Amino acid sequence: MIIILNPDIGDKSPEYRQILDYLANKPNIQTRVHVEAGAIRTLTEIYLIGDTLSLDKAEIEGLPGVERVVRISEEYRIVGRHQDDTRSVSFEYNGVLFDQDNLNVFAGLCAVDTPEHVEKMMRALRDNNQACTRMGAYKPRTNPYAFQGHGAKCLPWVFELAGKYGIKVIAMEITHDSHLDEIREALEKTGKPTGVMLQIGTRNTQNFELLKIVGRQRELPVLLKRGFGITLEESLNAAEYLASEGNRHIVFGLRGMKTNMGDPHRNFVDFAHVPVVKRLTRMPVCIDPSHSVGSRDHAPDGILDVQHVTAQGVIAGANMVLVDFHPAPSKALVDGPQALRLDELPYFLEDIAIAREAYEKRRALTRRFQEESK
Ligand code: PEP
Ligand code: MN
């Protein structure tokens, strides 16, 4: 059970004291408090563990300072969407809003290579009014002899270039807790010209120790990719690991699944699960069309498969698109064959806008239908 307090009823207020006193008189109930200090308001939630079935929901809702009480199912206690629970995990990071209702595009390099390429990418983003990007500094590679990413040494200049071009959030994969320290240190040293969303890649979805460490810090938000060979439930539990350690600023990423069916795509595209994840949890949902499709193949209509699957995810309500671009794909050190070119950026963004508009029209249509059928 979760007791959601009215905004700005903090853990120092008399109302809070009164609620805790009330609970202290109930047998076998433990409490755990989560305070989410936002820029505008602070939200406090009291998690009740133990014999909550014996509690009277209406009575608690009648206590001063209580906004709502939600009975939670066992699954995904924090990130889950429980019965009558309309809340979404909504958070702002470095001026960018993430929730289940909006859409952010993170176009950028799969792997940071040269300062020239990074600068060209960021300039193109600025020229197209984009405030987010992806930049891999630590690359988990199948082949031990393949380029592993520039690591910590590229961070200062990548962050400075991001600041120069007005980039607010960089999605950056980490594969070890030392990478988290390196990123924080580089952000500090460069005066935080930009922000970083820590990406947990599909190979690390169930790296529980990494999840715990990333979840324990609440400064940087997290993009958690779905594990490519595990069930959806297992991947959602991985998100719950992050949240249970304290960090709820999580975006859940779909990136295609490994199947034994092989071609035509690098992974079996799973964007039909966008609405499923939104139904089961309150997290914003990201799609990664590049790592799903893995090529620049196109249909006879001339539209790239990467674009087709992006549109499919966006028309189903995706909240973030993580996509590989490169100023010179043939020179990219990682995943060049799936990268889009910079001259394709405005075209790609316009294509996304069409799909997003269609999604919004579908929502409006559904609202109208529901109104009329009342
Ligand atoms: C990536 O986004 O660069 C990446 C390696 O993705 P994934 O973990 O989905 O394979
Ligand atoms: Mn890649």
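Just so it is clear, the structure is predicted and the values come from calculations on it, not from any experiment. Ligands are counted one by one from 1 in listed order, and the atoms in each one are counted from 1 as well.
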Next item on the list: For atom 2 (O) of ligand 1, state which one of Lys139, Arg134, Glu173 supplies the nearest heavy atom.
Entry: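 Considering heavy atoms of Lys139, Arg134, Glu173, the nearest to atom 2 (O) of ligand 1 sits in Arg134.
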Next item on the list: Name the option, out of Arg226, Lys225, Arg266, that contains the heavy atom nearest to atom 6 (O) of ligand 1.
Entry: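 Ranked by closest heavy atom to atom 6 (O) of ligand 1, first place is Lys225.
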Item checked: Rounded to 10 degrees, the angle SG of Cys110 makes with NE2 of His291 at the Mn ion (ligand 2) ->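 Roughly 130°, rounded to 10°.
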Notebook entry, point to check: For Arg255 and Asp270, which heavy atoms make the closest approach, and how far apart are they?
Noted result: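 For Arg255 and Asp270, the tightest heavy-atom pair comes out as N-OD1, 3.8 Å.
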Next item on the list: Taking all non-hydrogen atoms of both residues into account, name the closest pair between Ala171 and Phe106 and its distance.
Entry: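 Taking Ala171 first and Phe106 second, the nearest heavy atoms are CB-CD2, 3.7 Å.
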Check: Can an N, O or S atom be found in Asp324 less than 2.8 Å away from the Mn ion (ligand 2)?
Finding: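 Short answer: no, not a single N, O or S atom is under the cut-off.
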Next item on the list: Would you confirm whether Asn94, through its side chain, and Lys168, through its main-chain N or O, come within 3.5 Å as a donor-acceptor pair?
Entry: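 Confirmed, Asn94 side chain pairs with Lys168 backbone.
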Margin query: Using modelled atom types and a 3.5 Å cut-off, is there a donor and acceptor pairing between side-chain atoms of His179 and backbone atoms of His176?
Written below: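 Side chain of His179 to backbone of His176: a pair is present.
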Notebook entry, point to check: Of all N, O or S atoms in Asp335, which has the smallest distance to the Mn ion (ligand 2)?
Noted result: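 Checking each N, O and S atom of Asp335, the shortest distance to the Mn ion (ligand 2) belongs to OD2.
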Next item on the list: Flag the pair Tyr93 / Phe98 as yes when their ring centroid distance falls below 6.0 Å, and as no otherwise.
Entry: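 No, the ring of Tyr93 stays outside the 6.0 Å limit from the ring of Phe98, centre to centre.
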Check: Considering only the protein, which heavy-atom contact is closest to atom 8 (O) of ligand 1, and what is its distance?
Finding: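 Sorting protein heavy atoms by distance from atom 8 (O) of ligand 1 puts Thr202 N, 2.8 Å first.
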Item checked: Nearest-contact summary for atom 10 (O) of ligand 1 - protein heavy atom, Å ->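 Protein heavy atom with the smallest distance to atom 10 (O) of ligand 1: Arg255 NH2, 2.7 Å.
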Check: For ligand 1, which atoms have a heavy atom of Gln199 less than 4.0 angstrom away?
Finding: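 Matching atoms, with element in brackets: 1 (C), 2 (O).
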Item checked: For Gly201, atoms of ligand 1 separated by under 4.0 Å from a heavy atom ->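 Atoms satisfying the 4.0 Å criterion: 8 (O).
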Item checked: Neighbour count >12 (heavy atoms, 6.0 Å) for atom CZ, Arg216 ->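 Enclosed.
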Margin query: For the residue pair Lys212 and Phe208, would you count it as a cation-pi contact if the rule is NZ or CZ under 6.0 angstrom from the ring centre and within 45 degrees of the ring axis?
Written below: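 No, Lys212 and Phe208 do not form such a contact.
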